[in-house]
Structure formats: structure tokens, C-alpha cells
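Taking it in order: structure first as C-alpha cells, then the write-up.
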Amino acid sequence: MGRYDFTQNIETVCARAGQGERDGDPLVNAIVQSTTFCREGLSTTPQHAYSRVSNPTVNALERELGLLEDAPPAVAFSTGLAAESVLFQTLLREGDHVICSRAVYGGTTRLLQQVLSGLGIETSFIDTTDTRVVANALRAKTRLLFVETPANPTLDVSDIEALARIARQAEIVFAVDNTFLTPALQKPLELGAHVSIYSTTKLIEGHSIALGGAILSHDDELLERLRFVRKCTGSIQTPFNAWLTLQGFKTLPLRIRAQSRTAEQVAEWLAKHARVVRVRYPSLAKDGQAKVAARQHLDYHGTVIAFELKGGAAAARQVIENVRLFHFVEHVGSVDSLITHPASMTHADVPPEERARVGVTDGLIRLSIGLEHVNDILADLDQAIDYQFSSKARNAREVDACAPTD
């Protein structure tokens with residue numbers, strides 16, 4: 001029967017991902033677990049020659065990812081950071097300047113500050129929620145505006161359409177890390193970005209079993225350059241991980257909407273809790289960011305929440321050590337609910353003064369809401385938050401204080 005020739009909703013695109021199109025094709029896309037491919041002779045040019053360059057299973061994932069933003073096939077990578085690395089290598093040269101969100105994944109900060117700076121590439125980490133700050137940061141050698149929105153882990157929301165206008169006027173590439181929302185909840189290319197970039201390891205795969213990254217763009221020339229650099233650096237997605245990602249991809253819209261609905265309920269509950277001093281979630285954001293989120297997000301605001309308690313770092317430790325349903329890991333976007341301490345995990349390599357400047361305090365807790373029932377999630381958080389104020393917790397702290405030291 002083949003694919004329908006009319007525009008499909010995202011649920012249909014995802015549900016049919018990787019399916020066969022011809023008589024006799026398997027319903028589930030095959031894993032082509034081969035490093036190399038046969039040729040008939042010197043005069044032939046097969047579609048695939050070596051899996052470091054291309055692979056049928058990886059190509060299937062790339063086609064499906066492109067459909068989500070009405071774009072050509074994506075370029076798939078072994079990890080999200082591999083995708084970022086190839087983007088930077090493709091666009092930047094010695095002496096170039098990058099403008100980057102000040103609140104951004106710690107691995108991005110590390111890559112720009114500790115690797116690319118040694119190659120003569122300078123980065124300004126600024127507040128991209130303020131378009132005036134962005135415009136003032138432009139230089140003659142600025143080549144890239146890189147924004148993560150919502151930001152990790154502060155959930156800051158930047159106005160993609162407004163930033164796209166600035167980038168077009170300055171004739172620079174504008175890239176958006178859309179990992180936290182995916183094309184199911186936000187489409188940066190439709191909003192004017194040149195590039196959408198993803199860690200598919202997170203929500204797109206969704207089950208914590210396969211690393212991956214991807215870049216989408218409407219610029220065919222840029223996509224070809226990215227594929228060339230990917231070939232040169234050997235950073236392509238593996239066939240098996242591409243196949244696993246395709247399976248998770250099928251339920252993406254259903255998962256992310258259900259998890260986001262629960263996340264909003266959890267964020268609102270935390271905002272009313274007497275022992276919580278600050279909650280970060282797009283729909284609760286200040287300074288007009290909630291209005292931007294309502295305009296550019298597609299109905300929901302994602303699965304990630306960050307919050308701080310009275311008692312700061314000590315209180316955060318008590319909660320992290322006493323949750324029962326949440327898994328304490330360095331990850332987001334799973335079907336399981338997860339809890340993370342950004343200052344000592346995702347952003348541990350960021351200098352303390354820089355973390356404090358962008359709001360990644362030692363007391364900040366990041367939650368990634370899964371598919372568990374909202375009542376169970378709230379009950380777990382409630383008992384863990386209350387634990388630190390209980391006599392049991394006080395007794396435990398007194399025992400720690402009296403313990404002999406070496």
C-alpha cells in the first residue's frame with residue numbers, strides 16, 4: 001500500500017515509523033547490523049558502502065525525524081554531544097565567536113569552554129531570554145547563536161521567533177537545542193531557526209536504552225556538510241541504537257503529552273508547598289517567559305521541573321536520599337520518574353560561580369516526570385520533603401555530627 005500521500009498528524013507519523021512500504025516488507029524495520037556492503041564492480045555506486053558513512057537502519061530513523069519538522073532527513077549521531085560537536089566543527093573556525101544561552105546543558109558548556117576555546121573559538125554565555133542582550137552581544141566574527149529552550153536545568157524560555165529575526169539580520173546560523181520538548185511540543189524550524197538539535201537519548205527514544213543525537217535543517221547544503229564531517233569524525237549513530245530509537249519514536253507524542261500533563265500538576269503542587277522556595281517550569285515562569293512558552297509550545301510544556309527547598313543543599317540531599325519512586329540518575333526523558341542534582345552531576349564541570357550566576361544552586365533539584373500515576377509521584381515527593389523536618393531526620397543528622405572522624 002505504501003505511505004499515504006496526504007499530510008499526516010504527528011501521532012500517525014510516529015506510529016508508522018520504520019514500517020515497510022512494499023509487498024513482502026517486514027512490518028517492523030530490520031536492523032542492518034553490517035559494517036560494510038557488497039559492490040558488483042568498479043563502475044557501480046551503491047547507496048551504502050560502509051556504515052561509518054551511512055546505513056539503512058540509520059537512514060530509516062533519519063527519514064522519520066525529518067518528517068516531524070517537515071524537513072529533509074535528519075543527520076543522526078552517536079550521542080547528542082556528538083551532534084553538537086559536528087555542528088561546531090562544521091560552522092566554526094579559529095577566531096570565530098559563538099553566542100550561547102547562559103543556562104544550557106553542562107556538556108555544552110564544557111565543550112565550548114574547555115575544548116573549542118583551545119582552538120581559538122570564543123563563546124559568550126548570555127541571557128538569551130532578553131533579546132536586547134543578544135543583540136548587544138553580536139560581533140563581526142559571530143558565526144553562531146546557540147540556544148537551549150527550555151534551558152537545562154533552569155527551564156528558562158527564550159523567544160525563538162524573536163531570536164530568529166536577530167540571527168537573520170546578522171546573517172548568522174541560529175541553532176536550537178530542542179531536546180526537552182522534541183518536535184511533538186515545539187518546532188524550532190517553523191519558528192525560524194536554521195537548525196534543530198536533539199539528544200535522541202532522552203524523550204525521543206524515551207526508555208533509557210539507546211544513546212543518540214540528531215540535527216535537522218531545511219538547508220540541504222548544510223546537511224551535506226554535516227554528513228561529510230560526520231564521516232570524517234566517525235560519529236554516526238549505530239544501527240542497533242537507531243532501531244531502538246525508532247521503536248521508542250512510535251509512542252513519542254503519547255508519552256510526552258501524558259508526562260507533561262503530570263509534570264504541570266507536580267509543578268503547581270510544588271509551587272504551593274510551604275517548604276518549597278522556588279519552582280522552575282515554563283508555565284510558571286516570570287518576566288513574560290510564560291507568555292512566550294504559551295505561544296511557541298504546542299499545548300504542553302515538557303516533562304522537566306526544577307525546584308529548591310528551604311534549607312538549600314542540605315534539604316536537597318535529604319529529598320534525593322529519601323525518595324522511593326524516583327530514580328537518582330543523570331538523565332531526563334525516560335518513562336520512569338528521575339531525580340538529579342545538577343550542581344554535582346550534569347553541571348559539575350561548570351565553575352561554582354558560573355553555576356550560581358545562572359541559577360544552578362547547590363540546592364537545586366531537577367525532576368524528570370515519567371508515566372507513573374500523579375498521585376504516587378506527589379506522595380513520594382511529599383514524604384521525602386517532609387522527611388527532612390521529621391525527628392527521624394534530625395536524629396540522623398545528630399548521629400552524623402557525632403560520628404568519629406579519621
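Excluded from the calculations below are hydrogen atoms, water molecules and symmetry mates; all remaining heavy atoms, backbone and side chain alike, are included.
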**Request:** Would you please name every residue forming a salt bridge (charged side-chain N to carboxylate O under 4.0 Å, His left out) with D362, sequence neighbours left out?
**Result:** R355
**Message:** If you compare all heavy atoms of L92 against all heavy atoms of L144, which two are closest, and at what distance to 0.1 Å?
**Reply:** CD2-CB, 4.3 Å
**Prompt:** Which residues pass the side-chain hydrogen bond (donor to acceptor under 3.5 Å, both in side chains) test with E330, sequence neighbours left out?
**Reply:** none
**Request:** Taking the side chain as every heavy atom from C-beta outward, state whether R366 and V304 have any atom pair closer than 4.5 Å.
**Result:** yes
**Request:** Scan for ring pair (Phe, Tyr, Trp, His ring centres under 6.0 Å) pairs involving residues 218-254, sequence neighbours excluded, and state none if there are none.
**Result:** none
**Item:** N-O pairing of R317 and E321 below 4.0 Å
**Value:** yes
**Message:** Before you tell me yes or no, could you show the steps for E372 and S337 under side-chain hydrogen bond (donor to acceptor under 3.5 Å, both in side chains), namely the whole-Å CA-CA distance, both residues' side-chain angles and the distance that decides it to 0.1 Å?
**Reply:** CA-CA 7 Å; E372 301 91 348; S337 286; 2.7 Å; yes
**Message:** Suppose we screen for ring pair (Phe, Tyr, Trp, His ring centres under 6.0 Å). Which residues come up paired with H194, at least two apart in sequence or across chains?
**Reply:** none
**Request:** Mind checking side-chain hydrogen bond (donor to acceptor under 3.5 Å, both in side chains) for Q265 and listing every partner two or more places apart, or none if nothing turns up?
**Result:** none
**Request:** Go through L119 and L116 one step at a time and tell me if the side chain to side chain contact (heavy atoms under 4.5 Å, CB included) criterion holds.
**Result:** CA-CA 5 Å; L119 302 177; L116 294 185; 4.0 Å; yes
**Prompt:** In terms of side-chain geometry, is the basic nitrogen of E224 or K231 positioned less than 4.0 Å from the acidic oxygen of its partner?
**Reply:** no
**Complete:** Here the gap from L155 atom CG to L284 atom CG, rounded to the nearest 0.5 Å, amounts to 9.5 Å
**Prompt:** Heavy-atom distance under 4.5 Å between the side chains of V58 and N241, does that happen here?
**Reply:** no
**Request:** Output, in order, the C-alpha distance, side-chain angles, deciding distance and verdict of salt bridge (Lys or Arg N to Asp or Glu O under 4.0 Å) for E268 and K272.
**Result:** CA-CA 7 Å; E268 291 172 353; K272 297 174 183 175; 5.8 Å; no
**Prompt:** So, R63 side chain and A74 main chain: donor-acceptor pair closer than 3.5 Å or not?
**Reply:** no
**Asked** Heavy atoms, side chains only, cut-off 4.5 Å: are V157 and T129 in contact?
**Response** no
**Message:** Nearest 0.5 angstrom please: I209 CD1 to L244 CG, how far?
**Reply:** 4.5 Å
**Close side-chain approach of V195 and D219, heavy atoms under 4.5 Å** = no
**Asked** Pick one: which of L381, I365, L270 meets side-chain contact (heavy atoms from CB on, under 4.5 Å) with V276?
**Response** L270
**Prompt:** Do side-chain atoms of T79 reach the backbone of L211 as a donor and acceptor pair under 3.5 angstrom?
**Reply:** no
**Prompt:** Can you find a pair of side-chain heavy atoms, one from S217 and one from E69, that are under 4.5 Å apart?
**Reply:** no
**Asked** What orientation do H301 and Y281 show, parallel under 30°, tilted 30 to 60°, or perpendicular over 60°?
**Response** perpendicular
**Asked** For the side chain of T251 and the backbone of L254, is there at least one donor-acceptor N/O pair under 3.5 Å apart?
**Response** no
**Request:** Decide whether S334 and S208 meet the rule of one side-chain donor and one side-chain acceptor closer than 3.5 Å.
**Result:** yes
**Message:** Could you report the tightest heavy-atom contact between A30 and T57, atom names first, then the distance?
**Reply:** O-OG1, 3.1 Å
**Interatomic spacing from CD1 in I256 to CG in L185 - rounded to 0.5 Å** = 4.0 Å
**Prompt:** For Q47 and S54, what are the C-alpha separation, side-chain angles and deciding distance, and is it a side-chain hydrogen bond (donor to acceptor under 3.5 Å, both in side chains)?
**Reply:** CA-CA 8 Å; Q47 182 179 0; S54 67; over 6 Å; no
**Asked** Can you list every pair that meets ring pair (Phe, Tyr, Trp, His ring centres under 6.0 Å) and has a residue in residues 64-118, with sequence neighbours left out?
**Response** F88-F146
**Message:** Salt bridge check, R257 against E11: does any charged N sit closer than 4.0 Å to a carboxylate O?
**Reply:** yes
**Request:** Could you check Q237 against E62 for side chain to side chain contact (heavy atoms under 4.5 Å, CB included), going step by step and ending with a plain yes or no?
**Result:** CA-CA 10 Å; Q237 173 70 288; E62 292 177 335; over 6 Å; no
**Prompt:** Are the side chain of T142 and the backbone of L138 linked by a donor-acceptor contact shorter than 3.5 Å?
**Reply:** no
**Message:** According to ring pair (Phe, Tyr, Trp, His ring centres under 6.0 Å), does anything in residues 349-385 pair up with another residue at least two apart or in another chain? List the pairs.
**Reply:** none
**Request:** Would you give the length of the straight line joining atom CD1 of I236 to atom OG of S51, rounded to the nearest 0.5 angstrom?
**Result:** 7.0 Å
**Pairs touching residues 106-118 that satisfy side-chain hydrogen bond (donor to acceptor under 3.5 Å, both in side chains), sequence neighbours left out** = E84-T108, R110-D349
**Message:** Quick test of your reading of the model: are R16 and E64 salt-bridged, counting only N-O distances below 4.0 Å?
**Reply:** no
**Request:** Check salt bridge (charged side-chain N to carboxylate O under 4.0 Å, His left out) between K141 and all other residues, then give those that pass, not counting sequence neighbours.
**Result:** D96
**Prompt:** Would a 4.5 Å heavy-atom cut-off, applied to side chains only, mark L226 and L222 as touching?
**Reply:** yes
**Item:** D159 and its salt bridge (charged side-chain N to carboxylate O under 4.0 Å, His left out) partner, picked from R132, R295, K291
**Value:** R295
**Item:** Pairwise side-chain contact, E161 with Q296, heavy-atom cut-off 4.5 Å (strictly under)
**Value:** no
**Complete:** CG (N55) and OG1 (T238) are apart, to the nearest 0.5 Å, by 9.0 Å
**Message:** Can you confirm whether F307 sits close enough to R278 that some side-chain heavy atom of one is under 4.5 Å from a side-chain heavy atom of the other?
**Reply:** no
**Request:** Determine which pairs satisfy side-chain hydrogen bond (donor to acceptor under 3.5 Å, both in side chains) with at least one residue from residues 171-185, sequence neighbours left out, and list them in order.
**Result:** D177-T179, N178-Q186, N178-Y198
**Request:** Report the residue from E264, H297, Q289 that forms a side-chain hydrogen bond (donor to acceptor under 3.5 Å, both in side chains) with S283.
**Result:** E264
**Message:** Check whether R255 reaches the backbone of I204 with its side chain - one donor and one acceptor, N or O, closer than 3.5 Å.
**Reply:** yes
**Message:** Could you tell me if T128 and S158 have a donor-acceptor pair between their side chains, going purely by distance under 3.5 Å?
**Reply:** yes
**Complete:** Residues at least two apart in sequence or cross-chain that pass salt bridge (charged side-chain N to carboxylate O under 4.0 Å, His left out) with E190, listed by chain then number, are none
**Message:** Between D70 and K187, does any side-chain N to carboxylate O distance fall below 4.0 Å?
**Reply:** no
**Item:** Inter-residue atom distance K202.NZ - N152.CG, 0.5 Å rounding
**Value:** 8.5 Å
**Prompt:** More than 12 heavy atoms of other residues, nucleotides or ligands under 6.0 Å from CG of D25: is that the case?
**Reply:** yes
**Message:** I'd like to check the salt bridge (charged side-chain N to carboxylate O under 4.0 Å, His left out) partners of E205; sequence neighbours left out, ordered by chain and number.
**Reply:** none
